[in-house]
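Note that the coordinates shown come from a computational prediction; the quantities given were computed from them, not determined experimentally.
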Amino acid sequence: MQAFRKSARLLGITFVLGVLSFAAMQGGFGSATQRAAPLENRKPLRPIAFYPLPLTSVKPEGWLRRQLEIQADGLSGHLDEFWRDVGPNSGWLGGTGESWERGPYFLDGLVPLAYLLDDPRLIAKAEKWMNWTLTHQRPDGGIGPPKNTDWWPNMVMLKALTQYQEATGDSRVMPVMERYFHYQAAHLAERPLHEWAKFRWADEVVSVLWLYNRTGDESLLDLAHLLDQQGYNWEGDFAHFRFTSKTSAGELGLKSGVESELSLSAHGVNNAMALKTPAVWWEVSGDDSDKQATYRQLKEIYDYHGLANGMFSCDEHLAGRNPSEGTELCSVVETQYSLEQMVAIFGDASLADLLEKISFNALPGTFSPDMWAHQYLQQPNQVMCNLEKRDWNTDGPESNIYGLEPNFGCCTANMHQGWPKFVASLWMATPDQGLVAVAYGPNVVKTVAGKGVPVEIKEETDYPFRGIVRLTINPSSPTAFPLRLRIPGWAGGATIAVDGEPVEGVRPDEFYTLDHSWKKGDIVVVTFPLEVRASTGYDNSVVVSRGPLVFSLKIGEKWQKITTGMSHPAKPPAADWEVLPSTPWNYGLMIDRANPERFVEVIEKPVGPDPFSPEGAPVELRVKGQRIATWTLVDGSAGPLPESPTTSGQPVEKLTLIPYGAAKLRITDFPQIAP
Ligand SMILES: [Zn+2]
């Protein structure tokens, strides 16, 4: 360790010089600017593939901006006005109320939402919380409500603070973090990480490295090592993965819902967060085994628990691949965040494919279209949302209700980060002074590229509903820099044209590099062929997709307010809803997996104000199917999938499929009707 410190100090000197010259070029280190370049990893950290751009570099446009506005008009923009746990009496505002994770969770999503929308109302809300934390650091360096003695909620607040600093340049943030980390380093021996903090330690390492890259304080690397030593050994777990099917309360040693070390290691949200753990640690260790562990972890989780919506199942704990199993909203947004980190670290296009799949399917699919209600658990085959007791591992019968606080309020507090962090991650910087389109959606990015030249790129697209992405490149003066474009794994036949001239060698599942000298008004058009695909899902079922969108049966939805029976009933202006089917759902599809396009008609509709609603779906697929009389409800869920291929004997009907995210009742894993 001593030798390590010494070499780090030597290396630190050269890097301080590098940062100084860089800062001079940018007109001041830490100033709030739309044109700040990202900081690269400072030695001895490993260089990573892509560097996230400072928050607010990417601003949403088009349907994506509208989606964030829906979120701001929904629970995210109003929750603190009526939900006690993030209300004015929060311990994180100096009150006597909730003093654990809920305030920080809320801010981790409210901060990026507010600043990406430049919404003064939301910015005022976010500033109130940030100001309290920044002005109430204790003399010993502790932050947050004095009565909290758990390291875990502070880890979340650190994520909110780093985003706030990037958006505003507030000069108070880094000194507060610096003092806090020194305080924590001094106290971890007597008060080690435990429970949630022990399993989620890598989330703090992200903030520790963020500060190290800005200050060069080498003691921060010692703290990172301490967190690694005390944190849970996920890599050891996945070297001999134990949970290869739906877990059970007995197997996990759960007694009246109290978590054990074993159950915390099977916990869905912990696993979602842990996907990034070996990747983040690889930045510190540089050890190939950490990189390999990242991919092993992903493979094991998805091989045994993967679902058609891009997520893995967990009703609190890992739950196998049956499409009637659920996935918690917290695990959705945490998997997104993990993938955003992982794709930056390794620059692997397939990680961004998965990020898009979750962001365009599982995320919108678990919210009401107005984002005033959400579920705790969503199901790929979700044919009824009501208070009937279901065959969950651990979670209660409220779990798939659309409401304010179904089952448990963690998701109510944590769900806000999903959309805004995805928007912020659409573009990243590359170490060769270039830019990379990690994921697609309408936006404008403002940053610097090439030899420090301010660059704006306007991305016009209705992706993922349409396949054409048009980029207008606007450098303030002509400059050369590499522009990398992700070609998704599903996008065989994708084309790229620069100012009308097609380029050669575009291949799926990689980043295509345009190494050009760019001038104002250069146009790059990327065309993704959105072919209908029919892949094999759980138990030989068939899953239909087009581009990054997964398609589900459109089922008539009857939304009814729930007025009794919820353990934490919603108060106005929020409400709890059961959703009952008003049309049949038990269909098999008449489709050939090898040639699905011959069996499916694609109907494109305008991309309207609510693309993730059944009425507003911008794409519909028409396909023939037959009802399967033996496929019935079991405990409020679609019963066991009939074996595919199967026969029906029922009349042939024309069915409508809509994007998963638009269908709040749905069948996604279909039995296949024998030809
Ligand atoms: Zn949750």
- Six-ring centre of F551, R546 cation under 6.0 angstrom, axis tolerance 45°: no
- Do any N or O atoms from the side chain of Q382 and from the backbone of Q379 form a donor-acceptor pair under 3.5 angstrom? yes
- Query: Would you say the side-chain atoms of E235 pair up with the backbone N or O of P278, donor to acceptor, closer than 3.5 Å?
  - Reply: no
- Message: What I want to find out is whether E604 reaches R466 closely enough, with some N-O distance under 4.0 Å, to be called a salt bridge.
- Response: yes
- Identified side chain to side chain contact (heavy atoms under 4.5 Å, CB included) partner of P323 from the options V543, N309, D539, L641: L641
- Could you tell me the separation between the OG atom of S359 and the CH2 atom of W419, rounded to the nearest 0.5 Å? 6.5 Å
- Task: Answer yes or no: is there a side-chain heavy-atom contact under 4.5 Å between P671 and L589?
- Result: no
- Task: Run the numbers on D315 and E328 for side-chain contact (heavy atoms from CB on, under 4.5 Å), then give the verdict.
- Result: CA-CA 6 Å; D315 71 82; E328 185 184 336; over 6 Å; no
- Atom of Y376, atom of C411 and distance for their closest heavy-atom approach: CD1-SG, 3.6 Å
- Got a sec, which residues hit salt bridge (Lys or Arg N to Asp or Glu O under 4.0 Å) with E388, two or more places apart in sequence or on another chain? none
- Going through the checks in order, is the salt bridge (charged side-chain N to carboxylate O under 4.0 Å, His left out) test met by E261 and K198? CA-CA 10 Å; E261 286 251 318; K198 178 173 176 176; 3.2 Å; yes
- Message: In this structure, is the centre-to-centre distance between the rings of W196 and H267 below 6.0 Å?
- Response: yes
- Item | N-O pairing of E405 and R102 below 4.0 Å | yes
- Query: Any idea which heavy atoms bring T412 and L404 closest together, and the distance?
  - Reply: OG1-O, 2.7 Å
- Should F599 and K624 count as side-chain neighbours, where that means a heavy-atom distance under 4.5 Å? no
- Message: Over 60° means perpendicular and under 30° means parallel, so tell me whether W201 and W281 are parallel, tilted or perpendicular.
- Response: perpendicular
- Take Q375 and S399 through the test side chain to side chain donor-acceptor pair (under 3.5 Å) and record every step on the way to the result. CA-CA 6 Å; Q375 297 173 293; S399 296; over 6 Å; no
- Query: Going through the checks in order, is the side chain to side chain donor-acceptor pair (under 3.5 Å) test met by E620 and T656?
  - Reply: CA-CA 6 Å; E620 291 185 358; T656 298; 4.6 Å; no
- Message: Test side-chain contact (heavy atoms from CB on, under 4.5 Å) on T294 and I345; report intermediate values, then the result.
- Response: CA-CA 11 Å; T294 303; I345 294 166; over 6 Å; no
- What about Y463 and F528, are their ring centers closer than 6.0 Å? yes
- Item | Aromatic ring proximity H416/F106, centre distance under 6.0 Å | yes
- Query: Are a donor atom and an acceptor atom from the side chains of T668 and S552 found within less than 3.5 Å of each other?
  - Reply: yes
- Does the ring center of F465 lie less than 6.0 Å from the ring center of F360? no
- Task: Step through it carefully: locate the ring centre of F346, locate the ring centre of W282, and say whether they are under 6.0 Å apart.
- Result: yes
- Under 30°, 30 to 60°, or over 60°: which ring-plane class applies to F243 and F241, parallel, tilted or perpendicular? perpendicular
- Task: Test N443 against W427 for side chain to side chain donor-acceptor pair (under 3.5 Å), laying out the working first.
- Result: CA-CA 10 Å; N443 74 84; W427 289 94; 3.1 Å; yes
- Query: If only atom types and distance count, is the side chain of T327 paired as donor or acceptor with the main-chain N or O of F312 below 3.5 Å?
  - Reply: yes
- Message: Distance to the ring centre below 6.0 angstrom and angle to the axis at most 45 degrees; does that hold for K159 and Y105?
- Response: no
- Item | Salt bridge R390-D395, side-chain N to carboxylate O under 4.0 Å | no
- Apply salt bridge (charged side-chain N to carboxylate O under 4.0 Å, His left out) to K291 and D348, showing your working. CA-CA 12 Å; K291 186 169 185 175; D348 177 344; over 6 Å; no
- Just say parallel, tilted or perpendicular for the rings of F612 and W63, cut-offs at 30° and 60°. perpendicular
- Do you know which two heavy atoms are closest between L298 and L354, and how far apart they sit? CD2-CD2, 4.1 Å
- Salt bridge check: are E356 and R486 linked by an N-O gap of less than 4.0 Å? yes
- Message: Go through it in stages, so that I can follow the logic: the residues are Y587 and V623, the test is side-chain contact (heavy atoms from CB on, under 4.5 Å), and I'd like the CA-CA distance, side-chain angles, deciding distance and then a yes or no.
- Response: CA-CA 11 Å; Y587 288 97; V623 58; over 6 Å; no
- Task: Could you please spell out the steps behind the side chain to side chain donor-acceptor pair (under 3.5 Å) verdict for D237 and Y232?
- Result: CA-CA 9 Å; D237 240 18; Y232 188 70; 2.9 Å; yes
- Query: Counting distance only, does the side-chain N/O of N270 pair as donor-acceptor with the main-chain N or O of F199 below 3.5 Å?
  - Reply: no
- Item | Salt-bridge present (E325, K246; N to O < 4.0 Å) | yes
- Item | Sidechain N-carboxylate O distance under 4.0 Å for K421, E340 | no
- Test log, rule side-chain contact (heavy atoms from CB on, under 4.5 Å), inputs V436 and F511: CA-CA 8 Å; V436 53; F511 288 89; 3.5 Å; yes
- Task: Decide salt bridge (charged side-chain N to carboxylate O under 4.0 Å, His left out) for K654 and E601; before the verdict, give the C-alpha distance in whole Å, the side-chain angles of both, and the deciding distance to 0.1 Å.
- Result: CA-CA 10 Å; K654 201 165 191 182; E601 182 191 356; 3.5 Å; yes
- Determine whether more than 12 heavy atoms belonging to other residues, nucleotides or ligands lie under 6.0 Å from atom CD of E597. yes
- Task: Answer yes or no: is there a donor N or O on one side and an acceptor on the other, between the side chain of H305 and the main chain of C314, under 3.5 Å?
- Result: no
